[in-house]
Trainee: 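Let me give you the structure first, and then I'll get to my questions.
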Number of protein chains: 2
Amino acid sequence: MYSVDTMTTAQTLIGCVDSATEVLGDKWTPQLLRFFINEKTVRFCQLQDLTEGINPRTLSARLTHLEEQGIIVKSATSSSRCEYSLTDKGYDLLPVLQNMQAWSDKYAPAAV
Amino acid sequence: MYSVDTMTTAQTLIGCVDSATEVLGDKWTPQLLRFFINEKTVRFCQLQDLTEGINPRTLSARLTHLEEQGIIVKSATSSSRCEYSLTDKGYDLLPVLQNMQAWSDKYAPAAV
DNA sequence: AAAAAACGCTACACAATGTATAGTGTAGAT
DNA sequence: ATCTACACTATACATTGTGTAGCGTTTTTT
C-alpha cells in the first residue's frame with residue numbers, strides 16, 4: 001500500500017494549478033492569447049482568421065470567459081466594432097505561454 | 001481593414017504552442033503531471049484518489065496519451081501492477097506547471 | 001447615393017469528448 | 001482460503017465543440 005502522507009503536499013497545491021488550467025485548459029485559449037504577444041489589440045475577425053478552424057461560437061465563448069476572468073477587456077472602436085486587449089493579469093500569462101513554446105520548440109521543433 | 005502582415009509572425013508561432021497545448025490542454029493533464037513534482041513515480045490508483053473526480057476512463061486515456069507523447073513511461077512493478085514516471089521530456093514540463101502555479105497564486109490566491 | 005462587403009456575432013443540428021456508475025480479471029494481503 | 005486492492009473496461013448519459021448558415025449593423029467601394 002502506498003503512503004498517502006507523501007502526497008498531501010501535492011494535493012494541497014492542486015487548487016492553485018486549477019485556476020490557470022481553467023483558463024489555459026480550454027481548447028483554443030492558449031493560441032488565442034498568443035496573438036497578444038505581437039499585437040496589443042485584436043479583433044474578433046482577426047482571431048477567427050488566424051486561429052483557422054475555430055468556430056465563431058467557441059471563439060465567442062472563449063472571449064466571454066477570458067473577459068469574465070479579467071484576462072482581457074473588450075472596448076468599442078466604433079458603434080458596432082470592438083477590440084480586445086490584455087489586462088495586467090492577462091499580460092502576466094504571456095511568460096507561461098512563452099514557456100510552453102520553449103518546451104514545444106525543444107521537443108517538437110517540426111510541429112505536428 | 002487590419003494589417004495581416006503584422007500578424008504573420010504570430011501565425012507561424014502557433015504550431016509550436018499547439019504541441020504543448022495538445023498535452024496541457026487536455027482536461028486533468030496539468031493536475032496529473034503536477035504530482036510528479038513531489039513524487040518520482042505514481043500509480044493509477046494514486047492519481048485516481050488525488051485527482052478526485054476524474055473518471056478512470058479519462059485517466060486511462062490521459063496516461064495513454066502522455067505515454068504516446070513520450071512524456072511519461074509505464075513500468076511494471078509486478079505482474080499486474082505498474083507505475084508511471086516522467087521522461088526527460090516530461091520533466092521539462094514541470095517549470096511550465098510551476099509558472100502556471102505562480103500565476104495562479106498571484107491572481108487567485110483563494111482559488112475557486 | 002446605392003451596392004457590396006466586412007464585422008461581430010447567434011442558431012441549429014450533429015460530432016466528439018467527458019462523466020457516473022458498475023463491473024471484471026488478476027494479484028497481493030490477512 | 002478469503003478478502004480487498006489494483007488497473008483498468010463497459011455502458012448509457014451529459015457536456016462541450018463543430019460545420020454551416022444566417023442576421024442586423026456598419027463600413028467600404030463604386
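Every heavy atom of this structure was used, including side-chain atoms; hydrogens, water molecules and symmetry mates were not. Letters A, B, ... mirror the listed sequences (proteins, then strands); counts begin at 1.
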Trainee: Heavy-atom nearest nucleotide on DNA chain D for Asp26(A) versus Arg81(A): which residue maps closer to 5'?
Mentor: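 Its nearest nucleotide lies further toward 5', so the answer is Asp26(A).
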
Trainee: Quick one: CZ on Phe35(B) to CZ on Arg43(B), what's the gap to the nearest 0.5 Å?
Mentor: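 The CZ atom of Arg43(B) is 14.5 Å from CZ of Phe35(B), to the nearest 0.5 Å.
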
Trainee: Of all of residues 56-68 of chain A, which get a heavy atom below 4.0 angstrom from DNA chain C, listed by number?
Mentor: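 When residues 56-68 of chain A is checked for heavy atoms under 4.0 Å from DNA chain C, the hits, listed by number, are Pro56(A), Arg57(A), Ser60(A).
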
Trainee: In Å and rounded to the nearest 0.5 Å, what is the CZ to CG distance from Phe36(A) to Leu47(A)?
Mentor: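 Spacing of CZ (Phe36(A)) from CG (Leu47(A)) equals 6.0 Å.
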
Trainee: Any side-chain N or O of Lys27(B) under 4.0 Å from OP1/OP2 of dT19(C)?
Mentor: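 Yes, because at least one side-chain N or O of Lys27(B) sits under 4.0 Å from OP1 or OP2 of dT19(C).
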
Trainee: Calculate, to the nearest 0.5 Å, the distance between atoms CH2 and CG belonging to Trp103(A) and Leu94(B) respectively.
Mentor: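 The CG atom of Leu94(B) is 11.5 Å from CH2 of Trp103(A), to the nearest 0.5 Å.
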
Trainee: Compute the angle between the rotation axes at the two ends of the helix from dA1(C)-dT30(D) to dT30(C)-dA1(D), each taken over five pairs, rounded to 10 degrees.
Mentor: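 Its terminal axes enclose an angle near 30°.
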
Trainee: Looking at dT19(C), dA27(C), dT18(D), which one has an atom nearest to any side-chain atom of Trp28(A)?
Mentor: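 Output: dT18(D).
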
Trainee: Say you draw a straight line from CD1 of Ile72(A) to CZ of Arg62(A); how long is it, rounded to the nearest 0.5 Å?
Mentor: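 One gets 11.5 Å once the value is rounded to the nearest 0.5 Å.
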
Trainee: Hey, could you give me the OH/CD1 distance between Tyr91(A) and Ile37(A), rounded to the nearest 0.5 Å?
Mentor: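 It comes to 9.5 Å.
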
Trainee: Any donor and acceptor pair, going by atom type alone, linking the side chain of Thr21(A) with main-chain N or O of Leu24(A) inside 3.5 Å?
Mentor: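 The answer is no, because no donor-acceptor pair under 3.5 Å joins these two groups.
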
Trainee: Could you tell me the separation between the CG atom of Leu63(B) and the CD1 atom of Ile71(B), rounded to the nearest 0.5 Å?
Mentor: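 Rounded to the nearest 0.5 Å, the CG-CD1 separation comes out at 11.5 Å.
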
Trainee: Under a 4.5 Å cut-off applied to non-hydrogen side-chain atoms, are Thr41(A) and Thr77(A) in contact?
Mentor: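 Answer no - side chains too far apart.
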
Trainee: Taking DNA chain C as the partner, which of residues 70-80 of chain B come within under 4.0 angstrom of it by heavy atom?
Mentor: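 Per residue number, the list reads Ser78(B), Ser79(B), Ser80(B).
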
Trainee: Does either side chain, that of Gln98(B) or that of Arg34(B), offer a donor lying less than 3.5 Å from an acceptor on the other one?
Mentor: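 Not at all, the side chains of Gln98(B) and Arg34(B) share no donor-acceptor pair under 3.5 Å.
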
Trainee: Nearest of dC6(D), dT20(D), dG8(C) to any side-chain atom of Asn55(A)?
Mentor: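 That would be dT20(D).
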
Trainee: On the nucleotide dC6(D), are OP1 or OP2 found under 4.0 Å from the side-chain N or O atoms that Tyr84(B) carries?
Mentor: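 For Tyr84(B), the contact criterion (side-chain N or O under 4.0 Å from OP1 or OP2 of dC6(D)) is not met.
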
